[in-house]
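Chain identifiers are assigned alphabetically (A, B, ...) following the order of the sequence lines, protein sequences preceding nucleic acid strands; residue numbering begins at 1 within each chain.
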2 protein chains.
Amino acid sequence: MDAAPEPERLDIHNSEIPVLCRSCEARHRGICGALTPVELTQLSRHTVKQKVESDRELVSAGEEVKHYSNVLSGVVKLTRLMADGRQQIVGLQFAPDFVGRPFRRSSEVSAEAATEVKLCSFPKQAMDDMIAASPDLERRLYQQALEELDEAREWILTLGRKTAAEKVASFLLMIAENVDPDGIAGGRPIRFELPLKRADIADFLGLTIETVSRQITKLRKAGVILVEHNRTVTVPSLSRLRERCEVDAG
Amino acid sequence: MDAAPEPERLDIHNSEIPVLCRSCEARHRGICGALTPVELTQLSRHTVKQKVESDRELVSAGEEVKHYSNVLSGVVKLTRLMADGRQQIVGLQFAPDFVGRPFRRSSEVSAEAATEVKLCSFPKQAMDDMIAASPDLERRLYQQALEELDEAREWILTLGRKTAAEKVASFLLMIAENVDPDGIAGGRPIRFELPLKRADIADFLGLTIETVSRQITKLRKAGVILVEHNRTVTVPSLSRLRERCEVDAG
DNA sequence: CGGTACCTTGAGCGGGATCAACCAGCGTGG
DNA sequence: CCACGCTGGTTGATCCCGCTCAAGGTACCG
């Protein structure tokens, strides 16, 4: 019989991956990693990759959701709005997070691009069918939901019990850790662009713009962070920043 | 309740259900509803029903978890503690909620009985195996996680943007709605026992005991609620209570 | 009885909100 | 080129909500 040599199988394998996905940054991360080439192909048939500029709304609170998305780059903020205009960011999503709420037609939160965002979106129905058919996919989604829940609870502690100074430090730490996920930098300085403007940070931390600004200034003057052009932050020592997250240093 | 139209079939059916589960309040709700009689039997082999008195710790932050539980009655509080003693309740679980964190050996939160609690606990390993084998079960857990996430985000808004008066009103509303899940009471008064003492309410809302007490007094004097023996609350009109959740009435 | 757990109430203070002014960067149009 | 408005950020002065500290009340239990 005819031999099935390895290299060929690999070629065939690759050719099964949809063009759209081949160069995708999130191809092996997030939920896509749980899909077989066949499933990926099926899904990609309805998929649109798009770039969304900052401040554009992706999902509007209360409206029926027709699409899910994967974040490929940038940051999406999930916000809740009160009748009188008070606003709170209830979650932040980074690549390769999945944006959407299975098992509900709509939700109370709206999703908005905090920065320029690249994402991959697909029709809810197609995805729902695939979820129902693929336990692996559902498991990934479940895991992400649990991680978001952990994060949400972390922020509940921050919002409920920390001072303004601690809140701002905690926020900066979260961003820094997101930039350098597994402490690869070791003791080296970490430098990054803040994905949120002051108003968003305030909405995230349950503070006002002015308080956020003052606390950032205080951290800067204390040498815990360096700030250039308002948005570029350098953290010389993660541990010094971490100290600021728990004790209201005098 | 159980007006059995077909006694015989019911008997046969019942005989497949483990003894432990036959009279369980949560038998058809929560995750157990997703299990087949066979699975139920398998799981119940390692299951223990227990009663836990108020304030006993079920799961300790950071420690390895060996058991999951189902809440059959009572309220479990999930708390996070800071190094200096500040505490925050990050979640409340009612019957028939599932308590546990799949895919992690431990978590940052500890679980404590807020009231006397009846629960059904089973070894983590047995449950993990069953989750892996049963997509239906996993789906239930996923759905519960999403609902907890929705609730967590609701409370993030409350913690971040509401005043003390609004926080307390929102808490009472949440409890009232939990007691009367689908507005069966219509316009009728709702009466219930507060499952949390003042200290817990404070930890839940990011306030102090004193502030909680003062706000409850204020609601009582305004006729929005009636309070007997500190813990028994009557809400004559849900909608009047609901008004207090958004607008800081003068 | 006294002891303890839980709750309420009052007096005073302070952290963060509010109100207001100002600054820097940047795109637009004259 | 500068004038202009606009967005985003900083800083200062003042105010007030909720915290802190302190005292007292009530129910329950030995």
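Between Ser60(A) and Ser110(A), the side chains place no donor N or O within less than 3.5 Å of an acceptor N or O (distance only, hydrogens not considered). For the 3.5 Å distance criterion, the side chains of Gln143(A) and Glu147(A) fail to qualify, holding no donor opposite an acceptor. Judged purely by distance below 3.5 Å, without hydrogens or angles, the side chains of Ser121(B) and Gln50(B) pair a donor atom with an acceptor atom.
Computed from coordinates, the Glu228(B) CD to dC7(C) C1' distance equals 16 Å when rounded to whole Å. Atoms NZ (Lys162(B)) and P (dG18(D)) sit 14 Å apart, rounded to a whole Å. Rounded to a whole Å, the CG atom of Leu207(B) is 15 Å from the P atom of dC7(C). What separates CG of Leu219(A) from C1' of dG9(D) is a distance of 16 Å, to the nearest Å. In this structure, Gln88(A) places its CD atom 15 Å from C1' of dA17(C), rounding to the nearest Å. Between Leu196(A) atom CG and dG8(D) atom P there is a gap of 12 Å when expressed in whole angstrom units. In this structure, the CG atom of Leu205(B) is 13 Å from the C1' atom of dG18(D), given to the nearest Å. Here dT8(C) presents its C1' atom at 14 Å from CD1 of Ile201(B), a figure rounded to the nearest Å.
In terms of the salt bridge (charged side-chain N to carboxylate O under 4.0 Å, His left out) criterion, Lys218(B) has no residue partners (sequence neighbours excluded).
Ion pairing of Arg161(B) with Glu166(B) is absent here, as no side-chain N (NZ or NE/NH1/NH2) approaches a carboxylate O to less than 4.0 Å. Salt bridge Glu193(A)/Arg231(A): absent, no basic N to carboxylate O contact under 4.0 Å.
In the displayed structure, Arg191(A) atom CZ is contacted under 6.0 Å by at most 12 heavy atoms of other residues, nucleotides or ligands.
Remark: Thr208(B) is not in phosphate contact with dG18(D), judged by side-chain N or O atoms under 4.0 Å from OP1 or OP2.
Applying the side-chain contact (heavy atoms from CB on, under 4.5 Å) test between Leu92(B) and each of Leu196(B), Val76(B), Asp97(B) identifies Leu196(B) as the sole match.
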Kindly give the atom pairs (protein nitrogen or oxygen, nucleotide nitrogen or oxygen) under 3.5 Å for nucleotides 9-13 of chain C.
unit_1  : atom_1 : unit_2    : atom_2 : d
dT9(C)  : OP2    : Thr217(B) : OG1    : 2.8
dG10(C) : N7     : Arg214(B) : NH1    : 2.8
dG10(C) : O6     : Arg214(B) : NH2    : 3.3

Contact list (N/O, under 3.5 angstrom) for nucleotides 4-6 of chain C vs protein:
unit_1 : atom_1 : unit_2    : atom_2 : d
dC6(C) : OP1    : Lys197(B) : NZ     : 3.1

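Nucleic acid contact class of Ile216(B) (heavy atoms, under 4.0 Å, all strands): none.
Taking the six-membered ring for Trp and the full ring otherwise, the centers of Tyr68(B) and Phe98(B) sit less than 6.0 Å from each other.
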